[in-house]
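Accompanying notes for the structure given below.
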Amino acid sequence: MANIYFDYAATTPTHPDVLAKMLPYFTELYGNPSSIYKFAQGNKTVLDVAREQVATAIGADEKEILFTSGGTEADNWAILGVAESYKNKGNHIITSSIEHHAVLHTCEYLEKNGFEVTYLPVDSDGVVSIDALKNAIKDNTILITIMYANNEIGTIQPIKEIGIIAKEAGVLFHTDAVQAVGHVPIDVIDNHIDLLSISAHKLYGPKGPGALYIKKGVKLKAFIHGGGQERKRRGGTENVPGIVGFGAAIERATKFMETESARQLILRDYLIEQVLEKVPFAQLNGHPTNRLPNNANISFDFIEGESMLIMLDMQGFCASSGSACTSGSLDPSHVLLAIGLKHESAHGSLRLTLGESNTKEQIDQFVEALIKIVARLREMSPLYEDYKKNNEV
Amino acid sequence: MANIYFDYAATTPTHPDVLAKMLPYFTELYGNPSSIYKFAQGNKTVLDVAREQVATAIGADEKEILFTSGGTEADNWAILGVAESYKNKGNHIITSSIEHHAVLHTCEYLEKNGFEVTYLPVDSDGVVSIDALKNAIKDNTILITIMYANNEIGTIQPIKEIGIIAKEAGVLFHTDAVQAVGHVPIDVIDNHIDLLSISAHKLYGPKGPGALYIKKGVKLKAFIHGGGQERKRRGGTENVPGIVGFGAAIERATKFMETESARQLILRDYLIEQVLEKVPFAQLNGHPTNRLPNNANISFDFIEGESMLIMLDMQGFCASSGSACTSGSLDPSHVLLAIGLKHESAHGSLRLTLGESNTKEQIDQFVEALIKIVARLREMSPLYEDYKKNNEV
Amino acid sequence: MYSEKVMDHFSNPRNMGEIENADGVGTVGNAKCGDIMRIYLKVENDIVQDVKFKTFGCGAAVATSSMATELVMGKTIQEALHVTNAAVMEALDGLPKAKVHCSLLAEEALHAALWDYAQKNDMIIEGLEPPKADVHDGEEEEEF
Amino acid sequence: MYSEKVMDHFSNPRNMGEIENADGVGTVGNAKCGDIMRIYLKVENDIVQDVKFKTFGCGAAVATSSMATELVMGKTIQEALHVTNAAVMEALDGLPKAKVHCSLLAEEALHAALWDYAQKNDMIIEGLEPPKADVHDGEEEEEF
Ligand SMILES: Cc1ncc(COP(=O)(O)O)c(C=O)c1O
Ligand SMILES: Cc1ncc(COP(=O)(O)O)c(C=O)c1O
């Protein structure tokens, strides 16, 4: 049975055109870009082409793009790097309560090492409180790190407003744009962004490469020490094929973004509408409109997410959930709790993230399957039993 | 003109068989190993297969292998991780003066942050002084980090002796084995190694993945904070195709190691013998026998390495040098200086590292070309002019 | 992730449902942790004549409930009491490490139902302790 | 890495060699830094009649020496003095950032040869300063 993939926020396939561009760099053009013979120097050039492609996608200069081993390293570098380089200025960092673990766990690490971190609350749509942000800024604040768009509920933050506040306060602004780049237009200048994280495998590039945009003038020490790669700021032999693929993928994603995001947005709204109409006790999580064009996150009362996922999987649907059971931890998604969901509802959430392969027909098939699965799981649920008994007429 | 590649220590091509194993994971089996549906869980399984392959190659248990973004990250993690996790025990680290920059720059970073580092001298063959090591160990020593085999001069260290000393002193022992794995047999248990760094692209795997062996019982905090990947010790979506390739490559390298290393060793000795015989004022750097089977490093008096490399390049030969001019820095290779070479000789060094594609014919062609190039550069050299004048009869 | 046995019991849970006027009912777990199990018992002559379950929880939670009911069906009270989480896990060909707590939950649900039965019948079941407040107490996470 | 012009001058260096009984010889640089340049001058009637060089150093060092000799050949002393490193670089269509110091070296070698010529002939060349001890003094590295 062919899979129907609704988990593009988890990862995307590498587009065949992108892979085709990468292939020569494995077996034929394998030179180390640091070597000086022509055979290898060509690979230095292709790195710079990719750098330019990444820079163009976010309105940056190619000198401001440093390649990393993914979104997580970029987030770590940005936050730990600012902490280290600006610790003489202060030890306070502001973030939100709905960041990805790459940001949250890095902030928690800093808390154990003498830094103070403010975790801003979000409203029920998942939007960071601007008032809380303004109030949180202190003399010793050195960094605001707030994600561009949330990976679970899709909510897009008021980035420009945050950028202006940061700028006025003289505080650096980092944004984890891993879910946003290639999906919504981004301009680092217009939004006053100092640091921005990207990951290739979220935009039809290969797993592995990522990048950190470091605005000219921002001091940021090396995080991974080694050879002179990336202008001495990130040691390690460059993943040439991966970076070539990253560049090709981001260029491609940017090119098709307008039409493809519009197409996905229509599908997404159709999906949400169908589910909310046909499945009782369901509610949309995240901002109703200000959200990633491909993200739908819906909670279903009385049932648990992992069970839903497994039943969907048995019918070939790939999706994700905020249930703790999925991750083997005990608490459900910190994002869903932060927007005020009860534990039960957080456990019963389903994240569907659309991509280039998805069609209306797939959504129809999905909704049909979902209706039955939810009904069956409710039949098995002691919570639903109690609900019915308590609400019997 | 086809290139003749003598720079396998800089990087290797990804072997076509290895690439073939990787390919499905880009476009078809692209699931995120953290997702719970079958389509993606299969990728968790292939990561574990690769982990097992890497573990087997060094005599470790698969649970002791953690994937990284390369040798450099593995080195950083090992050293910074021990520094952080064991700082209550002490703040002294012992390394050698001929480590790769991934180790040296990490140690220098620690020196700026309250740690004390001893850089052990080496003898004229590049062998770390065991007496100096013994004398350097203090009560507050927490780590000995000494490379398995040197990337420039190929010298293999007395790893087992060092391991025993570390063990007896109750100090952790890390070894950067990036150049050794897949080229010489390695057994972490027999050598009392606690931490060991590997990089895939040095053994016919793809650029990108690497691994850190962390012996069971060694406490090592996460270095890159994020999702629950790598048993919560290394966040970031795994580079699935890369890791699959890493596993396949290391298994393949181990399988062919005995025969292939023996073949390369014969070629290497032929190369060294031919060059020393046919080119005057030349000398071998590194240990005469206790060296990597594929490494030849030779210094030529009166001439400079980069010029040699460019002239070789013009004839299709890819090689490397320890000259400062190659790297754009001002000092030549710290390794060549550490074994006692004068600056002139260090600048005039050539590193030739052999690999699977090399043949005796290529070496003959190379030696023929080299003889002329050296002669021509000497003709241009004011140092040679002076030498001749001073030694005229 | 899950063994075939687990998947089988998840896809075709045995004894799922309610028992009207059950002799004993036990509910354990809480929504916070994402799993709640309820077990219904019908007991006659010290024998578990019928058992059913309802579960809110992950695949492992459903499968362990299902397996637990199978293992106690037709058993004496004392035999039922000794259906441990280890037995349930073994019968399922194992569980992922992160899911072991689900099998504990099944054991607890069974004990809670037996406790309820004992209370209702004013009897003491030897070796049975009153249900714990939170079945997750005392679990450990892997530490680094 | 290098422009075509640089590669051309490296592969086919102009005016490479020695001048017997040169009117001026200047050697600069040191082996520590990996480049040494020596320039020989033949001067007649204030005109550079012949110029030759020898260089120990990288591709850029060789190419800048070669280009520098081309640029001063046939020039007056004063004109030769004003062949700057910028002029050499420009004539070579630029150099990689890390190699700019090589062009400084060429300028210095030329000045050193002119200085030697002036010394030997007991004359003063206006605007010419004695050779620096180390041509690399005052260079900067990119900082982070
Ligand atoms: C000895 C040694 N250590 C570490 C490294 C770094 O490995 P990588 O470039 O894969 O990060 C290399 C190669 O570059 C090396 O030769
Ligand atoms: C918002 C966000 N930040 C960071 C990451 C980490 O990116 P990577 O897995 O490429 O390291 C992800 C995805 O996993 C993400 O969704």
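Each chain gets a letter, A, B and so on, in the order the sequences are listed, and its residues count up from 1. We use all heavy atoms of the structure for the numbers below, so side chains are in, but hydrogens, waters and symmetry mates are not.
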[X] atom [atom1], over 12 foreign heavy atoms within 6.0 Å:
| X | atom1 | answer |
| --- | --- | --- |
| A/K389 | NZ | yes |
| A/E277 | CD | yes |
| C/E90 | CD | no |
| A/E368 | CD | no |

- Task: Against chain C, label A/Y384 side chain, backbone, both or neither, depending on which of its atoms sit under 4.5 Å from a heavy atom there.
- Result: neither
- Query: Which bit of A/M311 comes within less than 4.5 Å of chain C, counting heavy atoms only: side chain, backbone, both or neither?
  - Reply: both
- Give a yes or no answer on whether the side chain of A/E306 reaches the backbone of C/G59 with a donor-acceptor pair at less than 3.5 Å. yes
- Message: Donor-acceptor pair, distance only, cut-off 3.5 Å: does the side chain of C/K54 make one with the backbone of A/L383?
- Response: no
- Which pair of non-hydrogen atoms, one from A/F302 and one from C/F56, has the smallest distance, and what is that distance? O-CD1, 3.1 Å
- Note on the structure: Looking only at C/G57, C/P13, C/G17, C/A60, the option with the highest number of non-hydrogen pairs under 4.5 Å against chain A is C/G57
Interatomic spacing from [atom1] in [X] to [atom2] in [Y] - rounded to 0.5 Å:
| X | Y | atom1 | atom2 | result |
| --- | --- | --- | --- | --- |
| C/S11 | A/R376 | OG | CZ | 8.0 Å |
| A/D386 | C/I36 | CG | CD1 | 8.0 Å |
| C/C58 | A/I310 | SG | CD1 | 7.0 Å |
| C/F10 | A/S307 | CZ | OG | 4.0 Å |
| C/M16 | A/E379 | CE | CD | 4.5 Å |

- Out of A/H343, A/E344, A/H347, which residue meets the side-chain contact (heavy atoms from CB on, under 4.5 Å) rule with C/K32? A/H343
